[in-house]
Amino acid sequence: MLISRLSAIGDTILTLPVACRLRERFPDAYLAWLVEEKSAAFVRDHPALDEVIVARRGWFTKPREIAELRRRLRPLRFDAALDCQGLTKSALGGWLSGAPLRAGFRGQPGGELSPWLNNTLIPATSPHVTDRSLELLQPLGLAHAPGDGVAWGIRPPASAEEAIAAWLGDTGDRPFAVINPGATWPSKLWSMPRFGELAQRLRDRFQLPTVVVWGGRQEEAWAAEIVAASDGAARLSPPTTLHELAALLGSARLMVSSDTGPMHLAVAMRAPTVGLHGATRPCDCGPYGPPHVGLLKQLQTGGRRERRKADNTAMLSLTVEDVFDACSDVLGRTAERAVETPPAKAG
């Protein structure tokens with residue numbers, strides 16, 4: 001079976017439960033994932049997958065690369081291909097594979113030429129990316145409903161765990177929060193001074209220091225601004241690989257982030273998460289499942305392209321009080337769950 005989800009790190013993470021569910025139901029099946037290089041980090045060496053097929057960005061616009069991908073896919077003789085992205089390029093991957101069953105979305109999630117390249121169209125009844133992708137398993141006899149438990153299967157390598165443990169040092173056994181200020185859309189950005197004030201409140205109310213993570217020079221500058229505004233409540237993370245970031249999030253007591261890849265990675269690593277939304281809806285792509293919370297106060301109007309290019313007015317409708325209250329709620333509920341769940345017996 002072939003899973004086709006080529007781009008967007010966050011959406012790639014949100015699709016991992018499809019691979020985990022297939023492996024659980026078909027333990028002896030040969031499972032492969034077609035992905036582009038930028039989003040490949042979390043599918044490479046994933047325990048549910050036998051093979052990861054990496055395509056170059058823009059491959060579907062070049063006849064030679066289309067032919068090369070067909071030569072790679074056809075000998076694998078897939079029985080089924082799942083188009084979890086709903087675009088021409090993701091559906092084209094399944095079509096090139098020659099799989100007799102090519103499942104994709106009917107209606108709005110099935111965009112561009114995907115309805116013509118896929119031959120089994122599933123009505124998307126769930127808004128969230130993860131639930132919607134799992135609905136594509138219906139032709140394989142696997143039912144899914146929102147609220148069903150999912151697995152993510154992300155396991156940072158030992159080298160990443162060791163690097164983060166060394167950086168945390170003697171503070172590694174103390175609870176901490178993580179703030180991720182970056183986003184790929186300007187309309188998804190919150191206020192850096194507000195993040196700094198939030199870090200202060202988390203320290204003063206919960207004795208919870210904050211680590212601010214970043215990727216690239218612009219995000220490092222934003223992270224430094226947050227640290228400077230935090231009155232000593234926050235510190236800058238070191239530069240991290242995606243696997244090191246996963247290891248850091250796996251130890252976090254709380255994650256606060258806008259709708260971007262690290263937010264979904266935090267959920268996959270079971271870090272209680274508060275997602276900040278203004279250009280997107282939490283019901284579509286917010287932090288998945290309890291105890292996480294997706295905050296939305298004002299939704300940016302317009303289509304995807306318009307929302308992507310808009311300013312962050314909708315995000316700024318979220319006040320520090322709004323976000324702190326959500327953090328308090330998540331921290332309170334996760335503390336209650338820890339008390340309610342008795343420790344496992346030794347032996």
Side-chain angles (χ1 to χ4, degrees), residues 1-35 39-53 78 80-86 90 93-94 101 103-105 109-110 122-156 242-243 246 249-250 255 257 259-273 275 280-294:
M1 283 178 272
L2 176 68
I3 299 167
S4 184
R5 174 90 225 188
L6 289 112
S7 54
I9 292 172
D11 288 341
T12 298
I13 294 170
L14 286 173
T15 309
L16 288 175
V18 172
C20 293
R21 185 73 179 93
L22 285 170
R23 178 55 67 205
E24 176 188 29
R25 178 62 179 82
F26 304 107
D28 298 323
Y30 191 85
L31 301 182
W33 189 304
L34 177 61
V35 68
S39 301
F42 292 114
V43 292
R44 282 197 180 101
D45 301 319
H46 191 281
L49 298 171
D50 296 294
E51 184 171 356
V52 173
I53 300 164
F78 294 110
L82 305 177
D83 172 15
C84 296
Q85 194 161 358
S90 52
L101 170 65
F105 299 113
I122 308 298
T125 62
S126 301
H128 200 280
V129 171
T130 294
D131 291 323
R132 202 162 64 214
S133 296
L134 286 162
E135 287 181 337
L136 292 180
L137 300 179
Q138 291 175 31
L140 302 175
L142 300 178
H144 174 78
D148 290 350
V150 303
W152 306 94
I154 294 178
R155 300 174 186 171
L242 287 172
H243 283 126
L249 292 170
M255 167 65 150
S257 174
D259 172 20
T260 190
M263 181 188 77
H264 301 301
L265 180 57
V267 172
M269 294 304 298
R270 305 194 182 281
T273 299
T280 57
R281 296 178 178 87
C283 63
D284 296 333
C285 52
Y288 184 83
H292 317 294
V293 169

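Source: prediction; values computed, not measured.
Considering only heavy atoms from C-beta on, Met255 stays 4.5 Å or farther from Pro272 through its side chain. A heavy-atom distance below 4.5 Å is not found between the side chains of Ile3 and Leu31.
Of the possible polar contacts, none joining the Arg132 side chain to the Ala124 backbone as a donor-acceptor pair under 3.5 Å is found. For His264 (side chain) and Gly10 (main-chain N/O), no donor-acceptor pair under 3.5 Å exists by modelled atom type.
Applying the salt bridge (Lys or Arg N to Asp or Glu O under 4.0 Å) test to Arg155 and every residue at least two apart in sequence or in another chain returns nothing. Every residue meeting the ring-ring contact (aromatic ring centres under 6.0 Å, His included) condition with His243, not counting sequence neighbours, appears here in chain and number order: Phe42. Under the rule for a side-chain hydrogen bond (donor to acceptor under 3.5 Å, both in side chains), the partners of Thr280 that lie at least two apart in sequence or sit in another chain are Asp259, His277. For Asp284, the salt bridge (Lys or Arg N to Asp or Glu O under 4.0 Å) partners are Arg281, not counting sequence neighbours. Asp148 is linked by a side chain to side chain contact (heavy atoms under 4.5 Å, CB included) to His144, Ala145, counting only residues two or more places apart in sequence or in another chain. Scored by the side chain to side chain contact (heavy atoms under 4.5 Å, CB included) test, Pro123 finds Arg106 as partners (sequence neighbours excluded). Among residues two or more places apart in sequence or in another chain, the ring-ring contact (aromatic ring centres under 6.0 Å, His included) test is passed with His128 by Tyr288. In terms of the side chain to side chain contact (heavy atoms under 4.5 Å, CB included) criterion, residue partners of Glu51 (sequence neighbours excluded) are, by chain and number, Tyr30, Ala32, Ile53, Leu76. The salt bridge (Lys or Arg N to Asp or Glu O under 4.0 Å) search around Arg23 returns Asp50, not counting sequence neighbours. Residues that satisfy the side-chain hydrogen bond (donor to acceptor under 3.5 Å, both in side chains) test with Ser90, not counting sequence neighbours, are Asp83. Checked against side-chain hydrogen bond (donor to acceptor under 3.5 Å, both in side chains), Ser7 has the following partners two or more places apart in sequence or in another chain: Gln85, Lys89.
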Would you give me the side-chain donor-acceptor pairs under 3.5 Å for residues 12-21, sequence neighbours excluded?
residue, atom, partner, partner atom, Å
Thr12, OG1, Ala8, O, 2.9
Thr15, OG1, Asp11, O, 2.7
Arg21, NH1, Glu24, OE1, 3.2

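The two residues Asp131 and Ser126 make their nearest non-hydrogen contact at CB-CB, 3.5 Å.
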